[in-house]
Amino acid sequence: MTVTSLPSGSPVPRRSLTRRLLATLAAAALAIGLAAPAAATAATQTPAPSAEATTPTLAAAPAGNGILRPGDALGVLATLANPGEVTVPASSATLSIGTAPLADDAALTRWLGGDATGVTLQQIATGTLDAVAPAAQTSVSFTVAGTDPALAGRGAGVYPVLAQTSGGASVQAPTVVVIPADGAATPLAVVVPITAAPRTRGLLTASELADLTAVDGPLSAQLDAVDGSLATLAIDPAIPAAIRVLGSSAPPTAVAWLQRLLALPNDRFALQFGDADLSAQIHAGLPAPLAPTSLQSYMAAADFLQAESSVTTPSPAASPDPGQPAFPDLAALLDIGDADQAVFWPATGSVDSSVVTALGALGTDTAAARVLVASSNLTADPPTANATVGGVATPVYDAQVSSALTTAAGENDTARRGAALAAASGHLAFARTGAADRPVLAVLDRGTDRSRVSLRATLGAVASAPGYIPSTLAGIAGAARAEVALGEGSSNAARAAELSGLLSDEATIDRFATILDQPELLTGRERAEVLQVLSVAWTGDGARQAVADHRAATQTTLDSVGILSSDFRLVSSSAPLRPWVRNDLPWPVSVVLRSQPDDARLRVQASTPIEAQAAANTRVEVPVEARIANGEVDVAMQLYSPTGEPIGARQSVQVEVRAEWESIGLIIIIVLVVIFLGIGVLRTIGRRRRARAAEAQPGPGRPASGASASGASAAEANAAEDPALPEPEQENPA
C-alpha cells in the first residue's frame with residue numbers, strides 16, 4: 001500500500017463532465033452485468049445474506065483520539081473490513097478535511113451520521129488498499145505534515161475529516177479532528193458501572209465468579225481500567241453479595257477481587273440489586289423500587305463455621321454458639337465500601353418527571369436523593385451538569401459524549417475504537433463552549449463485553465481531554481444548579497406490564513413459602529431473581545425471554561410439592577389410605593393433607609399433618625372407616641400450608657368399598673368350622689359303634705357268653721377302646 005500527500009492546498013481533483021458520464025455509464029453496465037449472476041446465485045441460497053452483513057465497511061481513526069494540536073502532523077488510520085464471502089479487490093483511498101470547522105454539536109452529530117450538508121472538503125492525502133479476503137481486513141495509514149498549508153494556521157474547532165475508497169469498494173468513513181481552544185480548565189467527571197452480564201438466577205455461581213474474576217476476566221478488566229483514575233464507580237451490590245454468600249468456599253480470585261474493589265479510593269454509589277430498571281418499576285406503579293429481602297438460601301452452614309472467613313465483610317455476625325455457623329446479615333452481604341447514599345441511575349432515556357419525583361422522595365436529610373439524567377431527556381440543552389427537576393437534584397450527563405465513550409469502551413478493533421474516541425473528543429469540545437465553570441458529566445453506559453485495553457484507552461482519553469480537569473460526581477456537585485424540564489422519556493408499557501406479572505407471581509410464592517420453617521429461603525430467592533430479570537442490560541427479545549423463563553421457573557417451584565396417589569380397594573371396615581407427598585424442594589416442608597369423600601359410605605380423617613422430607617417422597621397414612629355398604633367413593637385430597645394456603649394441585653382418589661366382605665368371610669369360616677367339627681364327631685361315634693358291634697359277635701377262641709365272662713369281656717373291650725379307663729381288677733389266686 002502507498003500513501004501520497006498532495007501538494008499543499010491542492011483542491012479535490014475534478015474530472016471533466018464527459019469523462020464522468022462515461023465512467024458513470026461504465027459503472028452502471030458493470031453493475032448490471034454483476035447483478036444478473038448475483039441474482040441467479042441468490043435465488044439458490046436460503047436464506048440470502050443481508051446487505052449489511054456482506055458490505056465492506058471503512059473506519060477512520062485519527063491519531064491521538066482526534067486531538068490535533070497546532071504544528072502536529074495529522075495521522076489517520078483507515079481500515080477496510082470485508083465481512084462477506086467474496087474477496088474485495090484492491091482499491092484506492094483518499095483523505096479529505098473540511099475547510100471550516102463544524103458549527104455546533106448538532107452539526108457534528110449530522111456529520112458523523114453521514115449527512116455532509118454544508119460541508120466543504122479539501123483532499124489532503126491518497127493511498128492504496130490491498131485486496132481483502134473474506135472475513136479479513138486491511139489498513140492504510142495517512143500522514144499529513146503539520147507544516148502542510150492545509151493544516152497550518154487553522155483556528156480552534158472541530159473539523160470534519162473523510163476517508164473514502166474507490167475501485168474495489170466504494171465506501172467512506174466520516175470522522176473529526178479537534179484543534180483545542182485555550183481557556184480555563186473545565187471539570188469533567190465520568191461514571192463507570194461495575195456490573196456483570198445479565199442473568200435470571202439471583203446470584204452469580206462460584207464457577208461464574210471464578211471466570212469473571214480471573215486475570216483475563218471481565219470484572220478484573222473493569223477494576224484494572226478504573227484503578228488510578230478518578231472515575232466514580234456505580235457498583236452492582238449483587239456481585240459482592242455473590243462472593244460473600246459462598247463464605248469459605250468462595251473462589252480465591254473472587255475474594256481477591258472483592259478486597260481490591262473495597263481498597264480502591266474511587267468515589268462510588270450502589271446501583272439497584274442486579275442493576276434493575278428503576279424507571280420500569282416506577283411506571284408499573286410501585287411507590288419505591290424493590291430491594292432484596294434475604295439471601296439466606298444461597299448460604300450453606302458448612303461455609304460459615306470458621307471463626308474467620310477469608311471473605312471481607314464490614315461487620316461479620318458473631319456465632320451464637322461454638323461450632324454453629326455465623327451468617328452475615330443482608331447489609332453486610334450487600335456492602336460496597338464507603339459509598340454515596342441515595343444516588344440513582346435509571347436506564348438512559350427512560351427518566352421522566354414521575355420517576356424523578358418517586359426517587360427524590362427516597363432521600364433523607366443527611367443524604368438528599370440524586371437522579372442521573374441524560375441530556376437527551378431534557379427539553380433544552382442543559383446549562384450545567386448540576387440541575388434540578390421539581391427541587392430534586394438531577395446530575396445531567398452529556399448523552400453524545402457518553403454514547404461515544406460507551407462505543408469506544410466496547411470496541412476491540414483499533415480503528416473503530418479510535419473513531420469513537422475522536423467523536424467523543426469532538427463532543428467534549430462543544431460541551432466546553434458554554435460558561436468556563438460549567439462542569440461536564442459523562443457515563444460509560446452499561447456493558448460487560450469490554451476488554452481491558454478498550455476500557456483503559458477510553459478512560460485514558462477522558463483523563464487527557466484538552467481543556468478538562470478530571471473530577472468526580474461528588475466533586476462537581478458544588479456547582480450552581482439550574483431548574484430544567486424533562487421530556488416524556490422512553491416509557492415502556494410492555495416492560496411495566498411484565499413487571500406486574502412478576503409481582504403477581506412473587507405474591508403467590510410468598511403464600512406458598514409458608515410451608516417452610518424459614519419462608520425467606522424462598523421469598524428471598526424469588527425477589528433476587530425478579531430484580532435480576534429487571535436488569536437494564538436486558539433489552540428487546542432478550543428481556544421478554546428472560547421474563548418468560550423466570551415465570552416458568554416460578555411455576556416449577558409452585559409445582560414442587562404435591563400428592564402422589566392411586567386408586568384403592570377397601571375390603572375391611574377400616575384401613576389407612578397411603579398416598580405420598582412429593583417434595584422437590586431442598587428443604588423440609590410442613591403441610592396439612594385435607595381429605596373429603598363424596599359419599600357417606602366412607603369416613604375419612606379430615607386433616608392429617610405431614611412433615612415432608614427435603615427432596616424426597618414421604619408416605620402418609622390417612623385413617624379410613626367404611627360403613628356396611630358397597631360401591632365406589634371419590635376422595636378429594638388437597639395439601640395446605642399451616643396458614644391455610646392451598647399447595648399443589650387437587651387430587652382425587654377412587655376408593656372401592658367392600659366393607660361387608662369381612663363379615664361374610666367370618667360367617668363362612670365359622671360355618672366351615674362347625675361342619676368340619678360335626679363330621680369329625682359323627683365319624684368318631686360311628687367308629688365306636690362299629691367296634692362295640694364287632695366285640696359283641698362270638699368267634700373261635702372266645703369264651704362263652706356269661707355273666708362273668710361277659711363282664712370281663714366288656715371291661716376288656718372298654719379298656720381297649722379307651723386306654724384311660726381303669727383296668728379290671730384281677731382275682732387273687734390265693
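Just so it is clear, the values below take in all heavy atoms, side chains as well, and ignore hydrogens, waters and symmetry mates.
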Run the salt bridge (charged side-chain N to carboxylate O under 4.0 Å, His left out) test against Asp216 and tell me which residues pass, sequence neighbours left out. none
What's the separation between atom OG1 in Thr458 and atom CG in Leu444, rounded to the nearest 0.5 Å? 6.5 Å
Roughly how far apart are Phe344 CZ and Ser279 OG, rounded to 0.5 Å? 12.0 Å
Given the ring of Trp345, does Arg370 sit roughly above its face, with NZ or CZ under 6.0 Å from the centre of the six-membered ring and within 45° of the axis? no
Does the distance from a Lys or Arg side-chain N to an Asp or Glu carboxylate O, for Arg268 and Asp340, drop under 4.0 Å? no
Is there a donor-acceptor pair under 3.5 Å between the side chain of Ser375 and the backbone N or O of Ala399? yes
With a 4.5 Å limit on heavy-atom distance, are the side chains of Gln164 and Val171 in contact? no
Closest approach of Thr175 and Leu112, non-hydrogen atoms and distance? CA-CD2, 4.0 Å
With heavy-atom distances below 4.5 Å as the criterion, would you say the side chains of Arg416 and Thr407 are in contact? no
Quick one: list whatever passes side-chain contact (heavy atoms from CB on, under 4.5 Å) with Val547, sequence neighbours left out. Arg495, Glu498, Leu502, Val533, Arg551
In terms of side-chain heavy atoms, does Asp267 have a donor or acceptor partner in Thr472 at a distance below 3.5 Å? yes
Validation: residues 188-195 side-chain donor-acceptor distances under 3.5 Å, sequence neighbours left out:
none

Calculate, to the nearest 0.5 Å, the distance between atoms CZ and OG belonging to Arg417 and Ser454 respectively. 4.0 Å
Are the side chain of Ser471 and the backbone N or O of Pro187 linked by a donor-acceptor pair below 3.5 Å? no
Is there side-chain contact between Thr79 and Leu77, with heavy atoms separated by less than 4.5 Å? yes
How long is the straight-line distance from CG of Asp275 back to OG of Ser535, given to the nearest 0.5 Å? 5.0 Å
Using the side-chain contact (heavy atoms from CB on, under 4.5 Å) criterion, which residues pair with Ala276? Sequence neighbours excluded. Gln272, Gln281, Leu531, Leu534
Donor-acceptor contact below 3.5 Å, side chain Asp236 vs main chain Gly274: yes
State the CD1-CG distance between Ile239 and Leu203, to the nearest 0.5 angstrom. 10.5 Å
What pairs with Arg69 under side-chain hydrogen bond (donor to acceptor under 3.5 Å, both in side chains), at least two apart in sequence or on another chain? none
Has the side chain of Asn65 got a donor or acceptor atom that lies under 3.5 Å from a matching backbone atom of Ile67? no
Would you list the pairs meeting salt bridge (charged side-chain N to carboxylate O under 4.0 Å, His left out) in which at least one residue belongs to residues 187-204, sequence neighbours left out? Arg199-Glu208
side-chain hydrogen bond (donor to acceptor under 3.5 Å, both in side chains) filter on Gln172, not counting sequence neighbours, yields none
Could you measure the distance from the CG atom of Leu80 to the OG atom of Ser139? Nearest 0.5 Å is fine. 8.5 Å
Would you confirm whether Gln123, through its side chain, and Leu121, through its main-chain N or O, come within 3.5 Å as a donor-acceptor pair? no
Once side-chain contact (heavy atoms from CB on, under 4.5 Å) is applied, do any residues pair with Ala173, and if so which ones, sequence neighbours excluded? Leu58, Ala60
Hits for side-chain hydrogen bond (donor to acceptor under 3.5 Å, both in side chains) against Ser402, two or more places apart or cross-chain, chain-then-number order -> none
Sorted by chain and residue number, the salt bridge (charged side-chain N to carboxylate O under 4.0 Å, His left out) partners of Asp549 (sequence neighbours excluded) come out as none
Answer yes or no: is there a donor N or O on one side and an acceptor on the other, between the side chain of Asn266 and the main chain of Ser229, under 3.5 Å? yes
Leu223 side chain near Trp257 side chain, heavy-atom distance below 4.5 Å: yes
Of the non-hydrogen atoms in Val401 and Ala442, which two are nearest, and what is the gap between them? CG1-CB, 3.9 Å
Pairwise side-chain contact, Arg260 with Asp224, heavy-atom cut-off 4.5 Å (strictly under): yes
Test item: Thr57 and Gln137 side chains (from C-beta on) under 4.5 Å apart, heavy atoms: no
Under a 4.5 Å cut-off applied to non-hydrogen side-chain atoms, are Pro289 and Leu359 in contact? yes
Are the side chain of Thr165 and the backbone of Ala169 linked by a donor-acceptor contact shorter than 3.5 Å? yes
Any donor-acceptor N or O pair under 3.5 Å, side chains Thr128, Ser92: no
Would Ser451 and Asn412 count as having a side-chain donor-acceptor pair, cut-off 3.5 Å? yes
Can you confirm whether Leu441 sits close enough to Asp398 that some side-chain heavy atom of one is under 4.5 Å from a side-chain heavy atom of the other? no
For Thr99, side-chain hydrogen bond (donor to acceptor under 3.5 Å, both in side chains) partners two or more places apart: none
So which pairs with a foot in residues 100-116 pass salt bridge (charged side-chain N to carboxylate O under 4.0 Å, His left out), sequence neighbours left out? none
Whether Ser403 side chain and Gln400 backbone form a donor-acceptor pair below 3.5 Å: no
